[in-house]
Enquirer: 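One structure coming up, written as structure tokens, with questions to follow.
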Number of protein chains: 2
Amino acid sequence: MATIKDIARRAGVGVATVSRALNRSGYVRPETLTKIEQVADELGYVPNRQARAMVNGSTQTFGILIPDMDNALFMRIVRGINDFAYPLGYSLLVMDSRGNPERERRICRTMQELRVDGLVLFATPGTANLLTTLDRTLPAVVIDRLLPSSDVPQVSVDHYKGAKDAVGLLLSVCQYPPAMISGPEQVTSSEARLQGYRDALRSAGVSPKDERIESGGYTYEGGYQAMRGLLTRGRSLDGVFAANDLSALGALRAIRDVGLRCPDDVRVVGFDDIEATRYVYPSLTTIRQPMDEIGRVAVDMLVKRVTGELVEVDPVLLAGKLIRRESC
Amino acid sequence: MATIKDIARRAGVGVATVSRALNRSGYVRPETLTKIEQVADELGYVPNRQARAMVNGSTQTFGILIPDMDNALFMRIVRGINDFAYPLGYSLLVMDSRGNPERERRICRTMQELRVDGLVLFATPGTANLLTTLDRTLPAVVIDRLLPSSDVPQVSVDHYKGAKDAVGLLLSVCQYPPAMISGPEQVTSSEARLQGYRDALRSAGVSPKDERIESGGYTYEGGYQAMRGLLTRGRSLDGVFAANDLSALGALRAIRDVGLRCPDDVRVVGFDDIEATRYVYPSLTTIRQPMDEIGRVAVDMLVKRVTGELVEVDPVLLAGKLIRRESC
DNA sequence: ATGAAAGCGCTAACAG
DNA sequence: CTGTTAGCGCTTTCAT
């Protein structure tokens, strides 16, 4: 692999001149520059970023720690990060921890060893812990879920407001107060969505009843069972807000299995806007999370912190968008 | 950021000893080792891989060039790569070209500048070209689709055989010869699947007729239109093989829209096993591509090439698996 | 406008 | 067992 030394020798100049020429820093006589570029080309020279990084400190890479690459929503965020980071000259080091805290720790370590310029962490139960391990000088931003308390910048979706909007829609078209298929406990997004549901009902002058809330655990199967429970239990049910699309899809199936029809008999609204929402029958009305935007904001924060700018520590909450389809 | 020099000074030893101690290479007196580790710990020392890479040549990173991070199938492969590369100590540099050839070129360049130890390229129309640009000494493997001719190792799915299996199933349960919703032309996977369909019919003593093949272009909308065409055109149709799941999903919708039922009236088999196949009604019978396996094989090839082992240049074709669900 | 030289942090001989 | 030293490829003063 050719180095600037090789180029220097071949072009009959010093290495410093080659460096200046290739980087267009400092003065270089035009002819010298041409000559150098030509030689570099001949030799198929590819600069070594490691070496460059050693002297000027920046590797121009961001690290992304993600708990599951197979999660389409996560990847949409990563793609957003990619799209915004790329024009800025940043490359992405992406590692999947598979939700394993030990792996998370190791990956973070590796990324520090690789001297990434910044770190994007998808929040997991282990994240708070992880942050204490991290070098405080390494710019980091936590994404997707909110950490209870932290001085690290955070970007997430406004689950609460999204839920309120979803329930608002149901309230406006249903005859009875909508039921809810809730998500797992202890998960901030899930809790915020549940709270949004409750408050939306209250705003409409309805007091939320526990028997109209069934847990679906964010899963398809859970949503299915929850819906069946709701359906057998109570009458006067013509609308359901599911905490996420997966459980909404399960609900759709349950509705069909008991011989009812959506939206005619029961309307359903989900949350997330996963790909399948468009392909099922009826297609699912849902709250779309602004994934690209999350990526953009995250990169923005990172870049600011890299350049030394101050970044507000208050978590940024981005609004979701109601997407109406056939199910409501 | 602490360096081995800092540790050396503080521990009262030479830098070489520190290096030996921390890497457990060469002899170090046990007490010295303990002392060094303790100091390293105190200083919060994190080794600099760039520096290490400069001397021993290897960065322990693989580059992944992917045309669309939002494609769940692609990401499943990447996750497979991650899972197999991680235990081997490799980190992944993942960049999304968004299918843009210019970007592809630039990303490849960047990865070479970053001195990745190997490169995984998702095949795109521009890949063949790209390969000519690449340093021949950089281990690379092309994935997902097959390049017409190339001396680079390749891993892909046996689309042909998968299609034959799918059609075989249809033949065994349908009364009439199945129709096909084909994919885009000029795409190797699509062509292989079409060929598999034709050959499966022939093996069964049926001569494939063009009027029973309608293009769906691998899209949902395309599949929908293709199915409607098939349905209005001919009678004696009770089975369809769609070149991919997306178009199969479109077909499902078309069947419903004209008032028919699947699988009762028309059976459908897709290809890919995307996530939505499980959530639609009826759930979709399809051919699952062995994504994890693709990742495993790719990493395997890369590692072999890195360690200098020879790798067969014959493309590796992995078999898909028939997943039976409700649609057939 | 350009070259010599001093590192960046680390490893690998090579002497003790 | 351990310290000294010479780079790895590149950027950046500092002279010239």
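Each chain gets a letter, A, B and so on, in the order its sequence line appears, and its residues count up from 1.
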Enquirer: Just to verify, what does B:Arg20 make a side chain to side chain contact (heavy atoms under 4.5 Å, CB included) with, not counting sequence neighbours?
Expert: B:Ala16, B:Thr17, B:Ser25, B:Val28
Enquirer: Got a sec, which pairs hit salt bridge (charged side-chain N to carboxylate O under 4.0 Å, His left out) with one end in residues 69-89 of chain A, sequence neighbours left out?
Expert: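 Output for this query lists A:Asp70-B:Arg79, A:Arg79-B:Asp68, A:Arg79-B:Asp70, A:Asp83-B:Arg98, A:Asp83-B:Arg103.
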Enquirer: With B:Arg115, which residues qualify under side chain to side chain donor-acceptor pair (under 3.5 Å), at least two apart?
Expert: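 With sequence neighbours excluded, B:Arg115 shows a side chain to side chain donor-acceptor pair (under 3.5 Å) to no residue whatsoever.
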Enquirer: Of all residues at least two apart in sequence or in a different chain, which pass the salt bridge (Lys or Arg N to Asp or Glu O under 4.0 Å) check with B:Arg145?
Expert: none
Enquirer: Under the salt bridge (Lys or Arg N to Asp or Glu O under 4.0 Å) test, which residues partner A:Arg305, sequence neighbours left out?
Expert: none
Enquirer: Does A:Glu113 have any salt bridge (Lys or Arg N to Asp or Glu O under 4.0 Å) partners at least two apart in sequence or in another chain, and if so, which?
Expert: A:Arg109, B:Arg49
Enquirer: Tell me every residue that passes salt bridge (Lys or Arg N to Asp or Glu O under 4.0 Å) with A:Glu102, counting only those two or more places apart in sequence or in another chain.
Expert: A:Arg106
Enquirer: Going by side chain to side chain donor-acceptor pair (under 3.5 Å), name the residues that satisfy it together with A:Glu104, two or more places apart in sequence or in a different chain.
Expert: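 Applying side chain to side chain donor-acceptor pair (under 3.5 Å) to A:Glu104 gives A:Thr124.
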Enquirer: Contact boundaries of DNA chain D with chain B (under 4.0 Å, heavy atoms), 5' to 3'?
Expert: D:dC1 to D:dG9
Enquirer: Could you run down nucleotides 8-16 of chain C 5' to 3' and tag each one B, S or - for protein heavy-atom contact under 4.0 Å?
Expert: BBBBBB---
Enquirer: Among residues at least two apart in sequence or on other chains, which ones pass side chain to side chain donor-acceptor pair (under 3.5 Å) with B:Gln112?
Expert: none
Enquirer: C:dG3 P sits how many Å from A:Tyr27 OH, rounded?
Expert: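 That distance rounds to 17 Å.
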Enquirer: Given axes from five pairs at either end, by how many degrees does the helix from C:dA1-D:dT16 to C:dG16-D:dC1 bend, rounded to 10°?
Expert: 40°
Enquirer: Could you tell me how far apart A:Ile36 (CD1) and C:dA1 (P) are, to the nearest whole angstrom?
Expert: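 It works out to 13 Å between those atoms.
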Enquirer: For the pair B:Asp300 and B:Lys304, find out whether any cationic side-chain nitrogen is under 4.0 Å from an anionic carboxylate oxygen.
Expert: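 Between B:Lys304 and B:Asp300 there is a salt bridge, with a charged N closer than 4.0 Å to a carboxylate O.
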